[in-house]
Amino acid sequence: MATEKKPVVDRRDFLKVLGISGAAATLAGCGNTSIESGVEKVQSYVQPEDFVVPGNSVFYASTCTQCQSNCGIMGRVREGRVLKLEGNPNSIISKGKICGLGQASIQVQYNPDRLTTPMIRDGESLVPATWDQAIKVINQGLGKDSQISGDEIIFLTNGVSGHQKVLIDNFLESYNSKNHIAYEALSNRVGETVRENLYGYSNPVQKVKDAKLIVSFGNDFLGSGVSPVFMATQYAQFRKAPRGTLIQIEPRMTLTGGNADRWYPIRPGTEGVFALGLANALVQHPEYDKTVPEELKLALKAYDKYTVGEITGINPDAIGHVVAMMWEKSPTLVLSGATAEGHKQGYQNAYAIELLNVILGNVGKTVTPPTENPFPQMNPINASYQSLVNLDNQLNTKKTKAMLIMGVNPIYTGPSFVDIKNKFKNVSLKIAMVTQLDETAEMCDVVLPLLSPVEEFGTHVASYQPEGIEISIQQPLMEKLHPHTKSFGDVLLVLLKERDPKNYSKYPDYYSYIREAVVKSKPVFKSSMTDDEFWDSALMNGVLHVPPKEAEFTKIKLNTADLPKAENKPLDVNYPFYFVPSIKADLRDGKHANLPWLQESPDPMTTVVWDSWVEIHPKTAEEMQIREGDILEVKSSMGSLMAKAYLFPGIQPNTISIPFGQGHSSYGRYANNRGVNPFKIINPITDEKTGELALFATRVQIIKTGNKEKVVKDEGPTTLQQGRKLVVTMAADQAELSKEV
Amino acid sequence: MALVGASYSINAEPFKAGGAPGTQTIDGYNALGPQVEQPIEFPHYTHANVMKINCMYCHTYARRSAVSGIPRLDKCIGCHKMIPEVRDRPRIKKLFWYWDNHKSIPWKKVHDLPDFVRFNHERHIQRFYFQDKRPVREVCGYCHGDVANMTTARRVKAISMGWCIDCHKKDHQISAVNLKTTNGPNDCWMCHK
């Protein structure tokens, strides 16, 4: 339906009319002023499916691609337009549920800033072009006569999986290259590496539902974890009678921390030391004593409660309280998360935390091996910060001749000490495939407009597979909205046909490629259906499910070499504050800042909307005479940011926090010039063992600018529960264990 | 094809099709809408009056959905492929142009309610056509006027809130055999939800 002519009456004019001639306007409303004739069009279908009834919704299954969880979703479609997304009940991961981030993906589709035509570089600026012109430019560099091979071509993506990954690898193969670089600014590589080394699996199943006590070190599994929708349903089961207890230890309260029974603010980076303090206390118990090698027991002696208390800033008695609960409530589950892992000793921290699972005997009970994927080529590619370093190194050599970019924005998320932007100039052909122009696409030579996730085919395999293996099928929920946008797969197939017509000319389009690939997997599912039936059922169900297989951990070896050192690091006089940027469940690394629903939805801990803010503990604020709304300059050795102060009791007193996600300069009207980007002041510190960026190891100083602005937030004028005691809390060290447990 | 015979009720409200926009209708409202220029001047008169085709043969969604829907293009073509004698007429040529080019016809809305009003066709058709067994031209005509006597449709009823409520206040016989009467609902949220 398209509007030809619309009366222009905005809200202000409407109010004016009411003000000037209120009675007359109101009366007119009861008359005959609202109904229109001949203004809007009403278009019929040409030849619809028989089941299509205008006004009635049709539901199609697909897959959410907003984060790496790949939840199964159902799209409600009416008159050819997708209107609402819900969870797909057939999906093991989403179990018929969906999160706010998933709901908002509809705004990727209808975003007014979507790129609708290809663009090619003309001097300093990008100009609209036709697909033929864009493909011509690409083929000049990458066509059939191109001599580019090996490391001269880079395909930079996020952590893709399924047939997208397969097709990218096939594309690179046609250039004798394996240079697929997968970059995620907020990756879980440190924890995954620890678990890979300890258990042999990077993502073992963590059975939240089966635990009676969860001790989580900064793992925001309900907010921005590996699979928040799945974990939330598991958490609901965990909280059913007999109610499980959740202890959260982290420097800044996350959504999961807000749900915890006990929340311990810890000095950033000392999580591993606290975990070893618990381990030391645990092995005093005869039951746990048996499982631990003598060498380790000896090493643990250095982590007595007073030393640990001094290093971590947590009351030494807390160790006794937590360990008493661990003895009482079995099985337990210990989780390590982003804020524990993003440090110089991040690997050691995560190792010490996982050690608790081994000592407590959780391995095999609440930590179990995942099912092996019968299609390993579809597993998600390991995406990490290390990839950005790899990219940086490759660009330094000036060997790279062509680069294709999809799903990542390294110019925005890259820290300021990795100067990707300037090094881009060394590459003669840079191709970005996007739905909307961003900071990185803007620097490219050719920008191709992709279909939105609700218009696209695809297959996905999530990295976290809780029950068996789920292969999620993505299918278009509606016809494409913009005629000059194309599927990512179709673009690659066009380029591949040019290079390797023998193998790829049989595929008229990406649909036929995906269909053939899915149908070929039929024998694994022992299906007796015909090819057509199998494909239809895969589309209808939205998922193909490989049932879980029993497996055992075979690799657990404990060693003392990976333990974090029990040392007290003095605070830097110039930079006296720890800087722990928070990961919002919706904006994540800033990829979703272009969606107004997410900008509008209040941060669950502070209720602030549409902006960045500096969280500071009320006591620290009082000492420094800082009030809410004071504009603070947060300065690290890499740069500084300015944002409004927000007094937040859920933060360690020596720590300040700014959420990731804002501070875009070129990402559409909803994201641009809004807030600040904490990536830009991250210090060049990496995890010693894995080389991952230590996101939470930066030290900063705070400078008051003297300016003040109102913080836009949903909560009332007072942070103290509207002046009423709605929820009673007490300091964790004052709680009586016997009453609480 | 369901055809309605000459059983058009003489008790039905008289319909008014002509007059200048804003002219007062018989039910006392300043109601008449403007003549709307359509991409094809569809002769309702020929189809519904001369050929006696039931309104719901083309507007098939009216009994199934909140909206009556514009007939799908292949429905027009389905009949007109079988009627070669009118194939050369300008309107039919235009119709086939849309079909050959796989384009939908950009009809203009004649009865366009504001977005805050939810009118449910299905509810009204089920009650008055199927339950009360009233003639279809009368049932559709309550709101749309005697479209069977028009070429392209024109709004001849007020379709304002007061006009809707007037009808909802009236006593409507429950069915052709049951003499009991009921009113239409009077809750705000029935239409404004």
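Below, chains carry the letters A, B, ... as their sequence lines are ordered, and counting in each starts from 1.
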> So does Arg91(B) have more than 12 non-hydrogen atoms from other groups sitting under 6.0 Å from CZ?
Replying inline: yes
> Are any of the side-chain heavy atoms of Trp99(B) and Val46(A) separated by less than 4.5 Å?
Replying inline: yes
>> Looking at Arg123(B), I'd like to know if its CZ atom is crowded, meaning that more than 12 non-hydrogen atoms belonging to other residues, nucleotides or ligands lie closer than 6.0 Å.
In response: no
> Can you name the closest pair of heavy atoms from Ser44(A) and Ile70(B) and give their distance?
Replying inline: CB-CG2, 3.5 Å
> Who wins among Pro39(B), Pro106(B), Ser68(B) for the most heavy-atom pairs under 4.5 Å with chain A?
Replying inline: Pro106(B)
> Is it the backbone or the side chain of Lys75(B) that comes under 4.5 Å from a heavy atom of chain A, or both, or neither?
Replying inline: neither
>> I need the Gln43(A) CD to Lys109(B) NZ distance, nearest 0.5 Å.
In response: 12.0 Å
>> Under the criterion side chain to side chain contact (heavy atoms under 4.5 Å, CB included), I'd like the reasoning laid out for Arg72(B) against Asp50(A): C-alpha separation, chi angles, the key distance, then a yes or no.
In response: CA-CA 10 Å; Arg72(B) 42 197 284 177; Asp50(A) 283 343; 3.7 Å; yes
> Counting only heavy atoms not in Lys103(B), do more than 12 sit closer than 6.0 Å to its NZ atom?
Replying inline: no
> For Asp74(B) and Gln47(A), which heavy atoms make the closest approach, and how far apart are they?
Replying inline: OD2-CG, 3.2 Å
> Which atom pair, heavy atoms only, marks the closest approach of Val53(A) to Arg64(B)?
Replying inline: CG1-CB, 4.3 Å
> Which pair of non-hydrogen atoms, one from Asn56(A) and one from Ala66(B), has the smallest distance, and what is that distance?
Replying inline: OD1-N, 4.5 Å
>> Which atoms of Val36(B) are under 4.5 Å from chain A, going by heavy atoms: the side chain, the backbone, both sets, or neither?
In response: side chain
>> For Phe119(B), is the CZ atom crowded, meaning more than 12 foreign heavy atoms sit under 6.0 Å from it?
In response: yes
> At a heavy-atom separation under 4.5 Å, does Pro71(B) approach chain A through its side chain, its backbone, both, or neither?
Replying inline: backbone
> When you look at CG of Asp187(B), are more than 12 heavy atoms from neighbouring residues, nucleotides or ligands closer to it than 6.0 Å?
Replying inline: yes
>> To the closest 0.5 Å, what do you measure between OG (Ser37(A)) and NZ (Lys108(B))?
In response: 11.5 Å
